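All heavy atoms count here, side chains included; hydrogens, waters and symmetry mates do not. Quick caveat, the model's predicted, so the values are computed rather than measured. Just so it is clear: chains get the letters A, B, ... in the order the sequence lines come, proteins before strands, and each one is counted from 1.
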There are 2 protein chains.
Amino acid sequence: MPRTSSTRAPGGAVTLQQVATAAGVSLATASRVLHGSGGRRVAEALAERVTTAAAELRYVAHAPAQSLARSRSTVVGVLVHDIADPYFAAIAAGAMDVAREHDLMVLVANTFRDPGLERDYLARLRAQRARAVLLAGSAFVGEPFAEEVAAFTESGGRVAAIGAHGAGIDTVEPDQYGGGRLVAEHLVGLGHREIGVVTGPAGLATVAQRLAGFTSVVTGPALVHADFTREGGRAATHELLRDHPGLTAIFALNDLMAAGALAALRELGRPVPEQISVAGFDDLPVATDLTPALTTVRLELADIGARAMRLLLDDEPGGRLVPAPAELVVRDSTGRASTLH
Amino acid sequence: MPRTSSTRAPGGAVTLQQVATAAGVSLATASRVLHGSGGRRVAEALAERVTTAAAELRYVAHAPAQSLARSRSTVVGVLVHDIADPYFAAIAAGAMDVAREHDLMVLVANTFRDPGLERDYLARLRAQRARAVLLAGSAFVGEPFAEEVAAFTESGGRVAAIGAHGAGIDTVEPDQYGGGRLVAEHLVGLGHREIGVVTGPAGLATVAQRLAGFTSVVTGPALVHADFTREGGRAATHELLRDHPGLTAIFALNDLMAAGALAALRELGRPVPEQISVAGFDDLPVATDLTPALTTVRLELADIGARAMRLLLDDEPGGRLVPAPAELVVRDSTGRASTLH
DNA sequence: TCGCAGGCGGAAAGCGCTTTCCACCCCCGC
DNA sequence: GCGGGGGTGGAAAGCGCTTTCCGCCTGCGA
């Protein structure tokens with residue numbers, strides 16, 4: 001018979017009371033020793049008896065009970081559109097790193113850009129009394145969602161966002177506009193005049209900003225919508241070239257779609273960059289492995305995630321706006337506009 | 001002044017008691033209406049008053065309090081080595097999908113293969129009284145970790161793993177061995193005899209199994225260790241070819257390293273597959289976008305994650321082993337062994 | 001008309017922890 | 001030698017919810 005059977009509660013977990021009893025002290029003393037916030041000290045000898053007993057019993061505090069008693073939990077939420085998208089995975093990783101430094105656990109919610117799910121998850125994060133929530137995407141819009149956010153902050157939680165600036169919400173704002181502009185200037189500098197843009201889901205602030213930056217330089221580019229996925233980018237590129245065969249460059253609003261664009265151009269037998277140039281956005285790891293290596297805009301995604309999490313966890317007043325730079329990374333997928341068209 | 005200021009508790013959140021009062025019923029009745037497990041019914045009229053009041057006050061139950069009272073929580077944990085690695089991201093996404101169907105929230109812990117962190121996170125998941133935890137990687141080994149797992153199950157949580165079969169633990173076992181074997185047979189069938197293998201971190205069961213499958217066909221291949229990253233694969237490939245210039249094929253034990261291998265070969269001016277073939281493992285989305293498109297072994301990662309989560313959440317006795325198939329996907333990076341060496 | 005059963009609302013006892021407040025002990029100073 | 005004060009342990013009151021048990025009320029049968 002395992003030694004633990006006499007010390008473990010039948011239901012399973014060890015309670016503080018058991019530790020206290022084993023150490024021969026009161027519940028209060030045990031609590032002070034193990035979780036005391038320094039306000040009150042316990043004599044050396046007793047403290048050691050308690051810690052020893054706790055270790056022997058493999059005691060870990062019941063976090064929900066602690067949350068209840070302290071009325072503050074140790075979890076934070078991260079809302080992402082899709083954790084399998086490397087863009088969000090990188091942001092989440094950065095955020096989780098910082099959370100760990102603060103001894104917090106991270107609840108990740110995959111919303112698939114479904115507004116209903118977004119609200120639902122936010123409500124459930126509120127139910128968990130999550131200390132804070134990071135909105136790692138900019139599709140979170142609309143009145144009902146804003147109400148949910150308000151309810152969250154009103155019940156004492158902090159909210160920060162990446163890329164979408166709401167009133168009173170801390171925001172890390174990647175320079176989407178500037179990135180789009182950099183691409184435009186780069187392409188124009190190479191002599192391109194007929195440029196098509198593969199945009200993302202309508203309504204995404206990210207899309208609007210990247211596009212706005214681009215059109216601040218190149219007016220009236222050919223546009224086609226896709227869904228921020230590789231396949232979407234591929235299909236959109238076919239469509240784009242069918243309708244506008246004279247294009248000499250394509251700007252895909254993210255790297256996933258740029259990969260699709262390159263695939264489509266390969267299928268069409270259009271050499272890149274000799275006949276047509278392609279640029280992306282995000283500088284995902286895949287960008288270097290594409291052929292030709294992708295010219296794109298670098299966002300320090302992990303860093304962005306980390307900074308957003310820091311905004312959530314310090315105790316400064318909210319409403320701050322932290323800019324994150326976008327940097328053009330020129331690789332082999334862009335070249336001088338071909339003169340023969 | 002916002003209308004809510006009179007109804008909201010100053011501290012923030014709305015409590016059930018407030019809802020009950022607003023509806024003019026007792027706490028018990030409100031609880032039965034809103035969270036009743038069907039065991040007991042409340043008259044229609046009262047129920048409606050309660051739900052209305054709850055909606056108006058934007059009430060959401062205090063999850064920690066609920067966990068405490070019911071002594072079961074609504075969170076599950078997923079332990080991954082690195083969520084930014086597409087392999088784990090895909091598994092996590094599949095798992096999270098199933099969790100959502102069960103109305104559970106997912107706590108994701110990034111361990112970076114640090115044994116200390118793995119144990120620590122597992123203890124904290126136990127502290128949260130997570131209903132279950134999915135070990136989405138096979139590096140979780142060693143006595144201390146096994147003890148932590150035991151403590152977790154003893155305190156009433158379920159544990160499932162991907163790829164590492166432990167006693168009493170539900171496991172989804174991707175056919176790593178078979179996949180390695182498929183690659184070997186494929187390469188041998190193409191006439192390759194001098195094959196190098198870029199392996200992963202020592203001690204990973206995944207690595208051992210893929211390699212074992214491979215060496216069951218090809219004995220004594222040249223080996224070099226890397227760390228499952230693209231850069232590691234690149235460096236390892238350089239090393240491999242320095243020491244074994246006559247290799248006609250390279251098997252990288254995952255796609256990330258295969259991407260690095262292709263980069264290295266490009267740097268060396270060795271055409272793939274004309275002069276040397278390359279195969280990977282996992283069939284990450286990037287595989288199709290590499291040049292040449294990568295021959296690899298497909299694992300249905302999202303499905304694997306989903307199945308593992310289902311194992312965790314049904315109430316069957318543990319210790320099951322669910323195999324997941326591995327399938328060879330032949331693309332352009334492998335070809336007949338060059339006769340000139 | 002009275003009795004009883006069935007149905008349904010409410011009081012209250014926890015769930016495991018924190019934290020306030022009280023009581024005790026010891027030591028010091030006068 | 002006695003009173004008081006500082007320090008430290010313990011009792012107990014919650015935190016917000018679930019759930020058992022109790023008791024009331026209604027309606028039906030005799």
Side-chain angles (χ1 to χ4, degrees), chain A residues 8-50 53-54 57-74 124 126-129 155-156, chain B residues 8-50 53-54 57-74 124 126-129 155-156:
Chain A
R8 285 272 166 73
V14 179
T15 71
L16 225 209
Q17 178 64 69
Q18 294 175 44
V19 173
T21 306
V25 301
S26 78
L27 186 57
T29 301
S31 174
R32 282 196 271 256
V33 171
L34 295 175
H35 318 296
S37 37
R40 183 75 183 286
R41 293 201 26 225
V42 172
E44 189 74 12
L46 277 201
E48 193 173 318
R49 269 174 28 217
V50 173
L57 295 174
R58 287 196 152 288
Y59 170 75
V60 290
H62 191 299
Q66 250 176 335
S67 299
L68 181 57
R70 291 192 177 139
S71 58
R72 72 190 317 226
S73 81
T74 58
R124 294 168 64 162
R126 176 155 65 99
Q128 296 289 340
R129 298 305 187 265
S155 65
Chain B
R8 284 274 166 71
V14 179
T15 71
L16 225 210
Q17 179 63 71
Q18 295 175 43
V19 173
T21 305
V25 301
S26 79
L27 187 56
T29 300
S31 174
R32 283 196 271 258
V33 172
L34 296 175
H35 316 298
S37 35
R40 185 71 184 287
R41 294 198 26 223
V42 172
E44 188 74 13
L46 277 201
E48 194 172 318
R49 277 189 3 233
V50 173
L57 294 173
R58 287 196 151 287
Y59 169 76
V60 291
H62 191 298
Q66 249 175 337
S67 299
L68 181 57
R70 292 193 177 140
S71 58
R72 73 189 317 225
S73 79
T74 58
R124 294 167 64 162
R126 176 156 63 99
Q128 296 288 341
R129 298 304 187 267
S155 65

Subject >> Test log, rule side chain to side chain contact (heavy atoms under 4.5 Å, CB included), inputs B:Leu46 and B:Val33 >> reply: CA-CA 9 Å; B:Leu46 277 201; B:Val33 172; 5.8 Å; no
**OP:** Test side chain to side chain contact (heavy atoms under 4.5 Å, CB included) on B:Gln18 and B:Thr21 and set out the steps.
**Re:** CA-CA 5 Å; B:Gln18 295 175 43; B:Thr21 305; 5.7 Å; no
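Among the nucleotides C:dG16, D:dG16, D:dT18, the one closest to the side chain of A:Thr15 is C:dG16.
Here the P atom of nucleotide C:dC17 and the CZ atom of A:Arg70 are 11 Å apart, to the nearest Å. Taking atom CG of A:Leu34 as the reference point, atom C1' of C:dT19 lies 15 Å away to the nearest angstrom. Rounded to a whole Å, the NE2 atom of A:His62 is 12 Å from the C1' atom of D:dC17. Rounded to an integer number of Å, the gap from CG of A:Leu16 to C1' of C:dG14 is 17 Å. Rounding to whole angstrom units, CG of residue A:Leu68 and P of D:dG14 are separated by 14 Å. The distance between atom CZ of B:Arg72 and atom P of C:dG14, rounded to the nearest whole Å, is 23 Å.
There is no side-chain donor-acceptor pair under 3.5 Å between A:Gln128 and A:Ser67.
Note on B:Ser31: a base of the nucleic acid sits closer than 4.0 angstrom, heavy atoms only.
Heavy-atom minimum distance, A:Ala65 versus B:Leu68: CB-CD1, 3.8 Å.
Rounding to the nearest 0.5 Å places OG1 of B:Thr29 at 5.0 Å from CZ of B:Arg32.
Two end axes, each from the C1' atoms of five base pairs, can be drawn for the helix from C:dT1-D:dA30 to C:dC30-D:dG1; they diverge by 60°, to 10 degrees.
Using modelled atom types, no side-chain atom of A:Ser31 and backbone atom of A:Leu27 make a donor-acceptor pair closer than 3.5 Å.
The side chain of A:Gln66 places an N or O atom within less than 4.0 Å of a non-bridging phosphate oxygen (OP1 or OP2) of C:dT18.
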Subject >> Protein proximity profile, nucleotides 6-13 of chain D - base contact B, sugar-phosphate-only contact S, no contact -, cut-off 4.0 Å on heavy atoms >> reply: --BBBB--
